[in-house]
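In what follows, chains are A, B, ... by sequence order, proteins preceding strands, each numbered from 1. The analysis underlying the following values was restricted to heavy atoms, covering all of them including side chains, and did not include hydrogens, waters or symmetry mates.
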2 protein chains.
Amino acid sequence: MSDTPDGRLPGGSGRVTMREVAALAGVSTATVSHVINDKQGVRIGPDARRRVREAVAELGYRPNLSAAALVKGESRFIGLLADSIATTPFAGAVIRGAQDEAWRLGCSLLVANTEDNAAAEAQALEMMLDHQVQGVLYSTWYHREVVVPAGLSSADHVLVNCFSSTPGVRAVVPDEGGGGRTATRILLDAGHRRIAFLNTTTPSPARTGRLAGYREALADAGVAFDPALVIDTSPEQEGGYAAGLDLPELGVTGVFCHNDRVAMGVYDALRDRGLRVPDDVSVVGFDNQEVIAAHLRPPLSTVALPHYELGVLGVRLLMGLGPAEGPDPSGDVRGAASSAGPVATDRDGIVSVICPAVPRSSVAAPPAYVLAAAQP
Amino acid sequence: MSDTPDGRLPGGSGRVTMREVAALAGVSTATVSHVINDKQGVRIGPDARRRVREAVAELGYRPNLSAAALVKGESRFIGLLADSIATTPFAGAVIRGAQDEAWRLGCSLLVANTEDNAAAEAQALEMMLDHQVQGVLYSTWYHREVVVPAGLSSADHVLVNCFSSTPGVRAVVPDEGGGGRTATRILLDAGHRRIAFLNTTTPSPARTGRLAGYREALADAGVAFDPALVIDTSPEQEGGYAAGLDLPELGVTGVFCHNDRVAMGVYDALRDRGLRVPDDVSVVGFDNQEVIAAHLRPPLSTVALPHYELGVLGVRLLMGLGPAEGPDPSGDVRGAASSAGPVATDRDGIVSVICPAVPRSSVAAPPAYVLAAAQP
DNA sequence: CTGAAAGCGCTAACAC
DNA sequence: GTGTTAGCGCTTTCAG
């Protein structure tokens with residue numbers, strides 16, 4: 001059971017070693033190793049196996065991962081380089097997904113926040129290599145093209161939420177087009193026909209992808225595309241406010257905003273123009289920034305990009321596993337969204353939407369999902 | 001460079017080993033080790049030292065951390081258990097601070113997100129112990145009392161942003177009282193005398209601490225405390241809205257809100273009541289939730305808790321270092337005075353820091369800081 | 001001042 | 001089927 005609580009055992013760290021387990025079980029360390037690692041192709045008698053298990057339990061044995069890593073030349077670590085961690089919830093979601101999947105595969109995540117600083121990036125990468133990571137995920141908090149840092153090629157790697165023009169580099173990215181379609185369809189399904197799209201001015205996959213999705217959804221619904229309804233504006237509250245002031249003259253009844261911050265500005269602008277949301281104009285955002293979407297009045301309908309799933313898929317891709325797989329209990333799409341009350345408060349309940357297709361990606365991205373109800 | 005005589009080329013991972021460095025430098029591995037680790041108490045000739053350095057550079061040698069951890073029985077890892085990672089920016093800030101300080105000390109952070117789930121917590125902890133971490137930081141995303149999980153005592157540990165009634169457990173927590181004073185003083189300095197405080201209904205150090213700070217600031221300014229101006233409400237937009245509707249009747253010109261979400265609701269309520277911010281009523285929030293504070297119209301004055309610094313101090317405390325000494329911007333160090341910085345230094349170079357396991361006792365945290373300008 | 005040697009705890013060939 | 005035996009790359013006495 002437990003050793004004497006009064007003093008530290010002399011050895012390295014006082015922990016139970018495999019040799020002690022072997023001794024108690026009356027077998028050799030090799031046998032213990034085989035049993036513990038469930039080694040395939042090695043036949044161990046059921047009796048010995050049982051005794052080993054018992055000894056492990058009784059002694060409270062825990063493997064020394066450093067020793068295992070040393071002899072195998074490879075650790076059970078997966079590195080994750082993130083360019084941000086606190087500024088948005090997106091990176092956090094990626095990390096959560098990657099961690100959950102890594103744990104499922106018996107690995108640990110070694111996260112490093114680089115703040116998009118090349119020096120920190122290089123340092124973090126070396127640290128990871130020094131720890132013999134199996135591979136490295138390179139992730140960004142917003143979907144964009146990146147130049148793969150030189151050192152990254154020293155390790156097996158996969159890009160997450162970003163992509164590179166360098167051929168042969170695996171990447172997993174969100175389906176912007178699907179997101180744009182979903183957002184637009186929310187408004188179409190609510191009966192809107194004259195729908196503005198407040199797009200960002202920043203060139204990005206989000207800009208082109210969401211616009212394409214907007215147009216596709218309109219086309220699918222038999223609504224003619226009107227270029228006058230697509231307004232480029234800075235992707236913040238200020239941009240939304242400025243563009244929102246012009247909306248009344250356009251005669252639109254619905255607005256799809258490039259992101260939730262823009263939607264926040266639109267709310268303000270519409271209010272200042274004497275229009276009410278959702279009675280006069282319906283608004284749909286993008287990103288599901290919990291703190292905005294759930295707490296605006298009325299709560300904002302929005303589309304979330306599957307960041308958690310991006311993390312999951314990044315790990316799977318890195319480990320040479322296919323995208324989806326059978327029983328995935330944690331694939332609960334609503335999980336990432338549930339947080340505050342507003343979701344339960346809304347009238348029409350939660351709607352899940354599937355965004356198939358995958359732009360630029362070597363991997364299928366999971367569906368984006370929608371929060372709150374569409375505003376009629 | 002693959003000049004191993006016994007032809008063992010693909011042995012570990014093809015990386016340069018210390019033996020190769022030793023061979024090139026014409027010294028033994030022991031000498032290389034001493035030079036690399038800058039071992040004190042061992043005299044190495046300047047010449048040998050130089051040759052080792054050159055060999056390291058030429059070969060691009062990188063140490064195998066697994067090997068070092070194995071032989072020393074301890075890795076250069078510091079574990080960080082976080083109960084959340086994506087739901088708020090707070091945890092992220094703690095992580096950033098802890099990581100930066102860990103790196104400064106030549107350590108790596110091993111982060112685990114537990115989502116406040118006991119099973120995940122236990123699993124993560126075992127993982128960390130299996131990696132021979134030096135110690136573990138146990139952090140929460142909001143300041144609260146916790147019961148230290150049993151397994152945590154297997155490792156050296158420090159609580160971050162939380163505290164325990166268990167005696168002897170070190171902890172570093174934010175100075176809520178100082179935050180409350182700061183927020184209130186913003187309004188006082190702007191000339192307000194009738195200031196409401198929308199406190200949370202949730203019992204917590206934040207609730208009592210900020211209220212105490214509010215009262216202290218009033219007292220310092222010679223303003224009588226009026227219990228009618230303290231309104232408990234749910235700490236969300238909804239709570240702020242509800243309480244905000246009552247503000248006009250109270251004749252207040254300033255409002256200190258328990259957090260930014262409440263302030264967001266207050267903005268809405270005041271607008272609905274026909275009052276303007278800041279012309280009619282000034283509002284100060286708390287938390288500096290960037291996405292709210294910076295994007296409300298007008299931008300919200302708010303107070304930020306020092307989460308980054310909490311992470312930094314957690315690491316320093318764990319590693320037996322005193323609170324950092326550094327550039328300390330804008331005053332208000334008075335919070336530190338009341339925290340009775342219980343930093344005791346032992347002889348023999350061993351530093352022990354004891355934090356009273358009481359809500360009010362915070363380890364000398366850096367001052368909270370204020371964003372944006374006070375509204376006249 | 002420097003080097004030879006003995007492992008750290010574990011895995012992987014190969015004997016038995 | 002199971003035990004024996006080498007090391008993995010590094011740190012650390014302890015001789016010289």
Original post:
Is the phosphate of D:dG9, meaning OP1 or OP2, less than 4.0 Å from a side-chain N or O of B:Ser66?
Top reply: no
Subject >> Distance in angstrom units between B:Leu70 CG and D:dT11 C1', rounded >> reply: 10 Å
Original post:
How far apart are the closest heavy atoms of B:Val315 and B:Ala98, and which atoms are they?
Top reply: CG2-O, 3.5 Å
**OP:** Mind calculating the distance between CD (B:Glu20) and P (D:dC8) to the nearest angstrom?
**Re:** 12 Å
Original post:
In whole angstroms, how far is the C1' atom of C:dC1 from the CD atom of B:Gln40?
Top reply: 16 Å
Subject >> Nucleotide D:dG9, atom C1' - distance to CD of A:Glu74 in whole Å >> reply: 16 Å
**OP:** Taking all non-hydrogen atoms of both residues into account, name the closest pair between B:Asp83 and B:Trp141 and its distance.
**Re:** OD1-N, 3.0 Å
Original post:
Of all the nucleotides listed (C:dG9, C:dA12, D:dT11), which has the minimum atom distance to the side chain of A:Lys39?
Top reply: C:dA12
**OP:** For B:Asn64 and D:dC8, give me the distance from atom CG to atom P, rounded to whole Å.
**Re:** 12 Å
Original post:
Rounded to the nearest 0.5 Å, how far apart are CG of A:Leu81 and CG of A:Leu110?
Top reply: 9.0 Å
Subject >> Whole-Å distance separating the CZ atom of B:Arg15 from the C1' atom of D:dG9 >> reply: 11 Å
**OP:** Verify the neighbour count for atom CZ of A:Arg19: are there more than 12 heavy atoms of other residues, nucleotides or ligands below 6.0 Å?
**Re:** no
Original post:
Could you give the CD-to-C1' distance, from A:Gln132 to D:dC8, as a whole number of Å?
Top reply: 10 Å
Original post:
OP1 or OP2 of C:dT11 sitting under 4.0 Å from any side-chain N/O of A:Asn37?
Top reply: yes
Between the protein and nucleotides 1-4 of chain D, which nitrogen or oxygen pairs come in under 3.5 angstrom?
residue : atom : partner : partner atom : Å
D:dG1   : O3'  : A:Gly45 : N            : 3.4
D:dT2   : OP2  : A:Gly45 : N            : 2.0
D:dG3   : OP2  : A:Ser28 : N            : 2.9
D:dG3   : OP2  : A:Ser28 : OG           : 3.4
D:dG3   : OP2  : A:Thr31 : OG1          : 2.7

Original post:
With respect to the side chain of B:Pro63, which nucleotide from D:dC10, C:dA12, C:dC10 is positioned closest?
Top reply: D:dC10
Original post:
CD1 of B:Ile78 to CG of B:Asp156: how many Å apart, nearest 0.5 Å?
Top reply: 10.0 Å
**OP:** Starting at atom NZ of A:Lys72, determine the distance to atom C1' of D:dG9, rounded to an integer number of angstrom.
**Re:** 17 Å
Original post:
So do the side chains of A:Phe77 and A:Gln132 get within less than 4.5 Å of each other, counting heavy atoms only?
Top reply: no
**OP:** Take A:Asp100 and A:Tyr308 through the side chain to side chain donor-acceptor pair (under 3.5 Å) test and state the conclusion after the steps.
**Re:** CA-CA 9 Å; A:Asp100 287 357; A:Tyr308 178 93; 2.5 Å; yes
